[in-house]
Amino acid sequence: MLRESPPVIAKHATLGRAKPGFRGRIQAIDAKGNQSGLTADELERRLIELGFVEGASVEILHEGLIAHDPIAVRVDCATVALRRREAMAILVV
Amino acid sequence: MNAVTNLGILRCALVGTPNSGKTSLFNALTGSRQKVANYPGVTVERKTGVLHAPSGLCFSMVDLPGTYSLRARSPDEEITRDAVLGKLASETPPDFLVCVADATNLRLAFRLVLELRQVGRPMLLVLNMMDIAKRRGIEIDTEKLAAELGFPVVTAVAVRKGGVAALIAAMDDFALTRVGSGGVCSWVPPSVATLRAGQHEADRIIRAAVKLPAKPDSLTTKLDSVLLHPVGGVICLFVILFVMFQAVFTWAQPLMEMISGGFDGLGSFVRAGLPAGLLQSFITDGVIGGVGSVLVFLPQILILFLFILLLEDLGYMARAAFLMDRIMGGAGLHGRAFIPLLSSFACAIPGIMSTRVIDNRKDRLTTILVAPLMTCSARIPVYTLIIAAFIPNKNVGGIFSLQGLVMFGLYAAGILSALGVSFAAKQLFWHREMSPPFMLELPDYKIPDPKSVGIGLMTRAQAFLKRAGTTIFAMTVLIWFLASFPQAPAGASGPAIDYSLAAMIGKAIHPLLAPIGFNWQISVALIPGMAAREVAVAALGTVYSISGGDVESAVGSLLAHQWSLATALAFLAWYVFAPQCASTLVVIRRETGSSKWMWITFGYMLAMAYVAAFITYHIAVALGAG
């Protein structure tokens with residue numbers, strides 16, 4: 001469902017819409033208006049605590065069966081599982 | 001004069017991120033000289049142990065719950081934060097910290113290390129799993145690292161014999177030189193900017209002191225391509241679960257026969273040695289019969305825990321949560337609830353206690369609410385007994401045994417009702433809430449450490465034996481007493497139990513349970529069954545053996561003569577749902593901090609049990625099984 005949205009220009013690409021096999025670098029974390037039920041500030045802190053900071057390399061390794069969710073992401077040298085909803089806050093190039 | 005002679009024993013706290021191998025390191029340092037208790041007021045496990053270093057120094061070690069940050073979002077993490085800061089009222093502040101990092105996964109660990117540095121306590125860093133790091137071509141310049149961080153850095157291989165020698169030497173050295181050298185605590189809960197700066201600084205230190213290979217762990221990559229495959233992964237998960245339950249039932253069989261044989265032998269030995277009368281009846285029926293019928297399930301419980309511990313050590317549990325997140329999400333459960341619910345197949349108590357990994361309170365409450373519906377091992381004795389007595393041992397379709405299918409059906413009923421209840425709870429209690437995030441590190445696969453698994457199993461076995469020796473023993477004695485007194489008057493015609501207290505209580509509550517097909521003997525057995533489900537088996541045995549049946553014959557064949565099939569099926573249906581476990585209810589009250597959730601659990605389970613047994617009984621009677 002998420003994947004059917006119109007293609008976004010590279011500058012605003014978000015990890016939440018990327019397909020398995022996507023490789024890129026984190027450009028920014030923007031958790032404003034996120035759908036996770038957390039404040040933008042709190043979601044941003046949690047993402048950073050799992051290593052999602054600007055400049056880190058990311059690669060989508062796997063995705064779940066239902067609605068391609070959640071995703072398993074390689075962040076530099078660790079692997080983290082998260083839902084696409086939260087991954088929307090991770091902007092990548 | 002040095003600090004040590006003044007202090008005698010040095011207090012040392014182990015801190016680290018989840019999956020850093022902290023617990024195997026703790027096991028390697030303290031061996032079996034460890035104690036597991038709870039922190040006062042909370043159910044966070046407090047693991048302590050003593051290390052006698054070859055130098056003669058003595059360290060009192062405490063293994064703090066793993067965390068990524070001192071921000072503390074769960075009760076476990078609060079303990080870690082308060083212990084590190086020295087704010088825990090029940091605990092003397094640690095003299096120094098040993099921070100554990102997985103040498104193959106340094107980023108998150110280093111950010112935590114930088115945060116810990118602000119606490120101002122003397123600290124040393126251990127790079128654990130150095131063997132794996134070397135094999136993968138990770139090169140760490142520990143001297144440079146120590147210079148960057150400003151405190152000693154040592155390497156260790158917790159799972160190898162002698163793999164912690166360097167750490168112990170460093171701790172000795174540290175104790176003699178650094179203890180008491182702490183600075184001022186400047187830690188405040190980090191803001192987004194501080195966290196970000198911390199991670200950037202950690203990344204800078206890694207670039208300066210660590211050489212990383214280009215490729216991630218190839219074994220993990222290969223395994224994950226199968227085990228995290230959208231379809232294949234789910235199939236693998238179910239195959240693993242299937243093998244696990246097969247093992248619980250088949251591997252345990254010979255051991256269980258040995259144990260029950262042993263108790264039978266002991267019973268006849270005592271019966272032969274003692275004059276017939278009250279004392280003989282007390283020892284053979286009450287003590288040996290009662291405790292034996294429960295102890296026989298130790299092998300099954302241990303096999304189940306063996307699987308859970310192995311899968312956890314292997315790193316598979318996080319994958320299972322990943323695979324199940326969306327599937328369970330449909331029922332309003334969090335992916336992380338998978339591990340607690342899986343543990344609940346062994347026993348709801350550790351299951352409910354492990355819900356502490358779920359940081360959102362609502363998700364945690366939902367999981368706690370449904371955990372007792374998972375078929376715990378204490379139900380196995382009840383199920384096995386009734387199935388063996390009433391369900392014919394024949395094949396269905398050539399491959400499945402009918403008995404096995406009924407057992408499977410009972411497990412399925414538990415799982416499906418748990419999903420249904422959690423869905424209903426979500427709608428009822430917090431339908432407007434957005435479901436909180438699911439974020440979880442997927443650690444690299446590791447070969448489980450036999451020592452850690454062994455210690456884990458031993459702790460479980462001890463807990464079970466303690467329960468069997470105390471609660472269950474007390475209950476079987478009580479039941480024997482209720483069933484034996486007052487004694488039948490001289491020249492009475494009916495069986496002795498008809499005159500006992502048990503019969504009076506059973507008959508008093510029997511009218512309530514008659515509509516679901518229970519006789520008064522079942523009504524009696526349900527009362528001690530509140531202490532622990534499996535006690536009901538012992539209680540039925542006691543009630544029936546005292547009521548004039550042949551003591552030697554199995555309870556099962558006795559029941560087959562005394563109960564109708566409809567009653568037996570209703571009894572099974574009752575046991576799928578009934579809140580027949582006082583300890584679980586107590587743990588729920590403790591974990592949720594209020595009796596409200598305890599009563600909600602008790603009430604809904606009782607209602608479901610009654611309704612399910614009622615429907616089962618009446619359908620069975622209508623079909624001619626009455």
**Student:** For chain B, which candidate among A/Val80, A/Thr79, A/Leu82 shows the most heavy-atom pairs at distances under 4.5 Å?
**Tutor:**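 Looking at each option in turn, the highest pair count goes to A/Thr79.
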
**Student:** For A/Phe22, does the six-membered ring have the charged nitrogen or CZ of A/Arg17 within the cation-pi criterion, i.e. under 6.0 angstrom from the centroid and within 45° of the normal?
**Tutor:**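 Judged by the rule, A/Arg17 and A/Phe22 form no cation-pi pair.
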
**Student:** Taking all non-hydrogen atoms of both residues into account, name the closest pair between B/Asn128 and B/Gly21 and its distance.
**Tutor:**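 Closest pair (atom of B/Asn128, atom of B/Gly21, distance): ND2-O, 3.1 Å.
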
**Student:** Once you round to the nearest 0.5 Å, how far does CG of B/Asp325 lie from CZ of B/Phe438?
**Tutor:**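 B/Asp325 CG to B/Phe438 CZ: 4.5 Å, rounded to 0.5 Å.
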
**Student:** Quick check on B/Leu112 against chain A: is it the side chain, the backbone, both or neither that has a heavy atom closer than 4.5 Å?
**Tutor:**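 Answer is neither: B/Leu112 stays 4.5 Å or more from chain A.
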
**Student:** Below 4.5 Å from any heavy atom of chain B, which atoms of A/Arg74 appear? Answer side chain, backbone, both or neither.
**Tutor:**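 Contact with chain B involves the side chain of A/Arg74 alone.
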
**Student:** Need one label for B/Asp224: side chain, backbone, both or neither, based on atoms under 4.5 Å from any heavy atom in chain A.
**Tutor:**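 For B/Asp224, the contact with chain A is made by backbone and side chain together.
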
**Student:** Measure A/Val75 against the heavy atoms of chain B and call it side chain, backbone, both or neither at under 4.5 Å.
**Tutor:**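 It is both, since atoms from each part get that close.
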
**Student:** Pick one of side chain, backbone, both or neither for A/Ile71, based on which atoms fall under 4.5 Å of a heavy atom in chain B.
**Tutor:**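 Backbone of A/Ile71 only, per the 4.5 Å heavy-atom cut-off to chain B.
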
**Student:** Could you tell me whether B/Asp313 and B/Lys446 have a side-chain N and a carboxylate O separated by less than 4.0 Å?
**Tutor:**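 Here B/Asp313 does not pair with B/Lys446 in a salt bridge, since their nearest N and O are not under 4.0 Å apart.
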
**Student:** Taking the side chain from B/His334 and the backbone from B/Pro437, do they hold a donor-acceptor pair closer than 3.5 Å?
**Tutor:**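 Yes: the side chain of B/His334 pairs with the backbone of B/Pro437.
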
**Student:** Non-hydrogen atoms of chain A under 4.5 Å away: do they reach the side chain of B/Leu195, the backbone, both or neither?
**Tutor:**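 Contact with chain A is through both the backbone and side chain of B/Leu195.
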
**Student:** Among A/Pro70, A/Ala78, A/Gly51, single out the residue with the greatest number of heavy-atom pairs under 4.5 Å to chain B.
**Tutor:**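 Most heavy-atom pairs within the cutoff with chain B belong to A/Pro70.
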
**Student:** For the residue pair B/Thr221 / B/Ser218, report whether a side-chain donor-acceptor contact shorter than 3.5 Å exists.
**Tutor:**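 Side-chain D/A pair, B/Ser218 to B/Thr221: absent.
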
**Student:** Within the side chain of B/Ser422, is there an N or O that forms a donor-acceptor pair under 3.5 Å with the backbone of B/Ala331?
**Tutor:**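 Checking the backbone N and O of B/Ala331 against the side chain of B/Ser422, a donor-acceptor pair under 3.5 Å is found.
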
**Student:** For the candidates B/Arg73, B/Arg319, B/Glu441, which exhibits the highest count of non-hydrogen atom pairs separated by less than 4.5 Å from chain A?
**Tutor:**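 Option with the top pair count is B/Arg73.
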
**Student:** Could you tell me whether A/Asp41 and A/Arg45 have a side-chain N and a carboxylate O separated by less than 4.0 Å?
**Tutor:**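 A salt bridge is present here (some side-chain N lies under 4.0 Å from a carboxylate O).
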
**Student:** Below 4.5 Å from any heavy atom of chain B, which atoms of A/Glu49 appear? Answer side chain, backbone, both or neither.
**Tutor:**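 For A/Glu49, backbone and side chain are both near chain B.
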
**Student:** With a 4.5 angstrom heavy-atom cut-off, is it the side chain or the backbone of B/Arg196 that approaches chain A, or both, or neither?
**Tutor:**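 Looking at B/Arg196, backbone and side chain both touch chain A.
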
**Student:** Look at B/Thr220, B/Leu108, B/Asn105, B/Asp444 and state which one has the largest set of heavy-atom pairs under 4.5 Å with chain A.
**Tutor:**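 Looking at each of B/Thr220, B/Leu108, B/Asn105, B/Asp444 in turn, B/Leu108 comes out on top.
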
